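The structure appears below as structure tokens.
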Amino acid sequence: MVVTRFAPSPTGYLHVGGARTALFNWLFTRRMGGRFLLRIEDTDIKRSTPTAIQQVINDLRWLGIEWDEGPEVGGPNGPYLQSRRKDIYDKYIKKLIDEKKAYYCFDTPEELQAMREQAEAEKKALIYRRPKDLPDESDVKKAKAAGRAVTVRFAVPQDKPIIVADVVRGEVTFAAGEMSDFIIQKSDGFPTYHFACVVDDELMGVTHVIRGQEHLMNTPGHQALQQALGFHTPTYAHMSVTISETGGKLSKRERPEALRKIIKANQDIDLEKLAEAGNITIEEVNSFVAGETVPDMPGIDAMAKFLDVRLPEINVIDFFKSGYLPESMVNFLSLLGWNPGDGREIMPLDDLINCFDLSRLTKANSLFDRQKLLAFNTEHIKMMKPALLLQRFKNYLKAVDSPLMSADDRLLEKIIKMNEGARTLAQIEEKTRFAFIANDEVKYDEKAVKKVLLKEDGLAVLQMVRGRLAAMKQLTKEAIENMLRSLAQEKQVGLGKVAQPLRVAICGTTISPPIFDSVQMLGKEKTIARIDITLKKFGTVTQG
RNA sequence: GGCCCCAUCGUCUAGGUAGGACUAGGACACCGGGUUUUCAACCCGGCAACAGGGGUUCGAAUCCCCUUGGGGCUACCA
């Protein structure tokens, strides 16, 4: 049976690169009818946080990726947090030391650094070699007494080349004697990633390791470890990496960096107010702008909100908050470095699962193109069953704390319907929000006012519309449409000439759902009130 | 620097393992037009690529080599 895993290190939100790795493992397992497990690689206790574990779990759940074993669901091979498996790793490390396949080391960081610099100067790679006589327990005692940190290195066999049989790259050969004896146990007693990963994959019965290409260079080391421990070697598939528009691997740093650029480019930003908005000190802001430190993501997000700027989405949650559907994310991500081979692109999950195949993984790195994702999202919004879309929309409204939350399901369904063709849930929300705010909260877009109200006889038309609207008993969609159309006909102008001033009056911009829907949704009283406010604000016209 | 991976339109890719029907296909973006009460959506049309050089072969996007370019790793991070 196929067993795959997703093994994130919990250092923050799940980003799309990680999500893609999780997705490929999950799709493959679902296709093959195997087991998919989630393992938390929190052996770096300084960087890992319980909050981050929860965030990763939430993000995977939002995407619809469910694990058969792991945190919150349990399973026969737990615990699934590496920080709770230390005794297991200790046992195997002891075994290797006893067999002289691993040995203690006492180098200080400075010594290591010096070795690195020397290798650099000689234009060679640093290959750490074991001493002729391996240290024993008494040496460990001595070193500890001398205040030196103790680590354990794996004695990598240097006699023959290591060949990694990779599903996507074929056989990759690593020459004999070029691999450093790498650390498997850190001085804090925790195993390094390499060791924990190899042990857990064996113990958890992992058959296929699907991961990013950045791990390809680690694999010969992992294979050597597997042989030393008498473990199986799983099937490896090293996927292409997702590249960002700015070049290089897609990384979490991009959001803070984008914000830093914006702050630097705008001299007139009040840094003190910015610090307040981000809930950090002015010193922290200065240090951030100087490129020395990076505040936490909530601070970054809060500052971006304060400055009213959009940062590039990197984390799964960013896409959620930008109004993307998990279905579009899954579909789009699955096509980054894979394709079904028959030209299909927009696909429901079932189809994705049915044709997912490791043999169709792409070798070349791919760029994360938000434009295409937008197109996918537009399609998925169109495709989605109304009941589910309503659910997704409500979740979104909650996440962004929208005033639309006050609307009941029937109204929300109507709103979704009147926004057919929307590209994101955010777009639906933004276009409709005007109807859920107080009259005095309407912000008038300067350009819209100039172009629609102040030019020609916009205000005069608005005045006429007001009169007719006031005379109407019931504001049904049909009634509003009849009124506006006949008015346009009388004046011998296009509908736009009468609809646009009204639109700007009620929502402050030229962008809204169809005008008949918009007016009906807002209601007679508010519509007229807003027209009056508008007329007063931008100059009263007597004509009418 | 060392080691490793990769290379088809601006982007994601099909075609490559078994060389010939490839005049290199699709999608997104872009441009032009249409529809339209705004935005979006929608419809029609268009632009656009085998990185360069050498081989092998009757024949190369496809196989080999070199160059160039991109990416990754080079931690007591994972």
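Every chain is numbered from 1 and lettered A, B, ... according to where its sequence line falls, protein lines coming before strand lines. Side chains are part of it too, since the values below use all heavy atoms of this structure and drop only hydrogens, waters and symmetry mates. Note that the structure is predicted; figures quoted are calculated from it, not measured.
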Whole-Å gap separating [atom2] ([N]) and [atom1] ([X]):
X: A:Arg253; N: B:A78; atom1: CZ; atom2: P; answer: 17 Å
X: A:Lys124; N: B:G1; atom1: NZ; atom2: C1'; answer: 12 Å
X: A:Ile243; N: B:G72; atom1: CD1; atom2: C1'; answer: 8 Å
X: A:Gln213; N: B:G70; atom1: CD; atom2: C1'; answer: 11 Å
X: A:Met347; N: B:U13; atom1: CE; atom2: P; answer: 15 Å
X: A:Leu367; N: B:C6; atom1: CG; atom2: C1'; answer: 15 Å
X: A:Ile162; N: B:C3; atom1: CD1; atom2: C1'; answer: 13 Å
X: A:Arg360; N: B:U13; atom1: CZ; atom2: C1'; answer: 10 Å

Mapping A:Ala422 and A:Glu122 onto RNA chain B by nearest heavy atom, which one lands closer to the 5' end?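 It is A:Glu122, whose closest nucleotide lies nearer the 5' terminus.
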- [ ] Between A:Thr173 and A:Gln500, just flag the one whose closest nucleotide in RNA chain B comes earlier from the 5' side.
- [x]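 Taking each residue's closest nucleotide, the earlier one in sequence belongs to A:Thr173.
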Where the side chain of [X] is concerned, which of [options] is the nearest nucleotide?
X: A:Val172; options: B:U38, B:C4, B:C73; result: B:C4
X: A:Glu41; options: B:A78, B:A14, B:A41; result: B:A78
X: A:Lys382; options: B:C12, B:C39, B:C42; result: B:C42
X: A:Thr362; options: B:U37, B:G1, B:U13; result: B:U13
X: A:His194; options: B:A78, B:C4, B:U13; result: B:A78
X: A:Ile515; options: B:C6, B:G71, B:U37; result: B:U37

Review point. Under 4.0 Å between a side-chain N/O of A:Asn339 and OP1 or OP2 of B:U13, yes or no?
Key: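 The answer is no; no side-chain N or O of A:Asn339 sits under 4.0 Å from OP1 or OP2.
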According to a strict under-4.0 Å criterion, is A:Ser366 in side-chain N/O contact with OP1 or OP2 of B:U13?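 Yes, A:Ser366 has a side-chain N/O under 4.0 Å of OP1/OP2 on B:U13.
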Pairs under 3.5 angstrom, nitrogen or oxygen only, protein versus nucleotides 43-48 of chain B, please.
none

Heavy atoms only, 4.0 Å cut-off, all strands: where does [X] land among base, sugar-phosphate and nothing?
X: A:Gly337; value: sugar-phosphate
X: A:Pro8; value: nothing
X: A:Lys249; value: sugar-phosphate
X: A:Phe332; value: nothing
X: A:Asp342; value: nothing
X: A:Arg39; value: nothing
X: A:Gly170; value: nothing

**Prompt:** Going by atom types only, do A:Gln113 and A:Arg116 share a side-chain donor-acceptor pair under 3.5 Å?
**Reply:**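 Yes, side-chain donor-acceptor contact under 3.5 Å.
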[atom1] atoms of [N] and [M], separation to the nearest Å:
N: B:C76; M: B:G71; atom1: P; answer: 25 Å
N: B:C58; M: B:G2; atom1: C1'; answer: 44 Å
N: B:A29; M: B:C22; atom1: P; answer: 28 Å
N: B:A41; M: B:C28; atom1: P; answer: 11 Å
N: B:G16; M: B:A60; atom1: C1'; answer: 11 Å
N: B:U23; M: B:A49; atom1: P; answer: 15 Å

Salt bridge (Lys or Arg N to Asp or Glu O under 4.0 Å) pairs, two or more places apart, involving residues 360-371 of chain A: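 Of all non-adjacent pairs touching residues 360-371 of chain A, those that pass salt bridge (Lys or Arg N to Asp or Glu O under 4.0 Å) are A:Glu245-A:Arg370, A:Glu313-A:Arg370.
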**Message:** Please confirm whether the ring centroid of A:Phe332 lies under 6.0 Å from the ring centroid of A:Tyr324.
**Reply:**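 Centroid distance A:Phe332-A:Tyr324: not below 6.0 Å, so no.
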A:Arg148 side-chain N/O to A:Ala143 backbone N/O, donor-acceptor pair under 3.5 Å: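 No: the side chain of A:Arg148 does not pair with the backbone of A:Ala143.
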Exercise. Do any N or O atoms from the side chain of A:Asp166 and from the backbone of A:Glu171 form a donor-acceptor pair under 3.5 angstrom?
Worked result: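 No: the side chain of A:Asp166 does not pair with the backbone of A:Glu171.
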Review point. Can A:Phe368 and A:Phe319 be said to form a ring-ring contact (aromatic ring centres under 6.0 Å, His included), step by step?
Key: CA-CA 13 Å; A:Phe368 192 91; A:Phe319 289 95; 5.6 Å; yes
For [X], check side-chain contact (heavy atoms from CB on, under 4.5 Å) against everything at least two apart and list the hits.
X: A:Lys249; value: A:Glu214, A:Val241
X: A:Asp342; value: A:Pro340, A:Arg344
X: A:Thr235; value: A:Val167, A:His208
X: A:Pro234; value: A:Val209, A:Gln226, A:Tyr236

Nucleotide N/O to protein N/O under 3.5 Å, stretch nucleotides 75-77 of chain B:
unit_1, atom_1, unit_2, atom_2, d
B:A75, OP2, A:Arg116, NE, 3.2
B:C76, OP1, A:Arg116, NH2, 3.4
B:C76, O2, A:Ser187, N, 2.5
B:C76, O2, A:Ser187, OG, 2.6
B:C76, N3, A:Ser187, OG, 3.1
B:C76, N4, A:Asp107, O, 3.2
B:C77, OP2, A:Lys186, NZ, 3.1
B:C77, O2', A:Asp44, OD2, 3.1
B:C77, O2', A:Arg47, NH2, 2.8

task = Could you list the residues that satisfy ring-ring contact (aromatic ring centres under 6.0 Å, His included) with A:Phe154, not counting sequence neighbours?
result =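 A:Phe154 satisfies ring-ring contact (aromatic ring centres under 6.0 Å, His included) with A:Phe182 once adjacent residues are dropped.
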Taking ring-ring contact (aromatic ring centres under 6.0 Å, His included) as the definition, give me every residue that meets it alongside A:Trp67, ordered by chain and number, with sequence neighbours left out.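 For A:Trp67, no residue satisfies ring-ring contact (aromatic ring centres under 6.0 Å, His included) once neighbours in sequence are set aside.
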Only counting residues at least two apart or in another chain, list the ones meeting side-chain hydrogen bond (donor to acceptor under 3.5 Å, both in side chains) with A:Thr4.
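Here the qualifying residues are A:Thr29.
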_Looking at the base of B:C39, is there any donor atom on it, or on the side chain of A:Lys431, that sits under 3.5 Å from an acceptor on the other one?_
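Donor-acceptor pair under 3.5 Å: yes.
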Problem - Watson-Crick or G-U counterpart of B:U35, or none if no pair lies under 3.5 Å - result: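 Its partner: none found.
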>> Only pairs with both distances under 3.5 Å count, Watson-Crick or wobble alike; so what is the partner of B:A24 in this structure?
In response: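 Looking at the geometry, B:A24 pairs with no nucleotide.
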*Does anything in residues 108-131 of chain A pair up under ring pair (Phe, Tyr, Trp, His ring centres under 6.0 Å), and if so which pairs, sequence neighbours excluded?*
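Qualifying pairs: none.
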What are the atom names and distances for every N/O pair under 3.5 Å that joins the protein to nucleotides 28-31 of chain B?
unit_1, atom_1, unit_2, atom_2, d
B:C28, O2', A:Lys372, N, 3.4

- Does NZ belonging to A:Lys497 count more than 12 external heavy atoms closer than 6.0 Å?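 No, the 6.0 Å shell around NZ holds no more than 12 heavy atoms from other groups.
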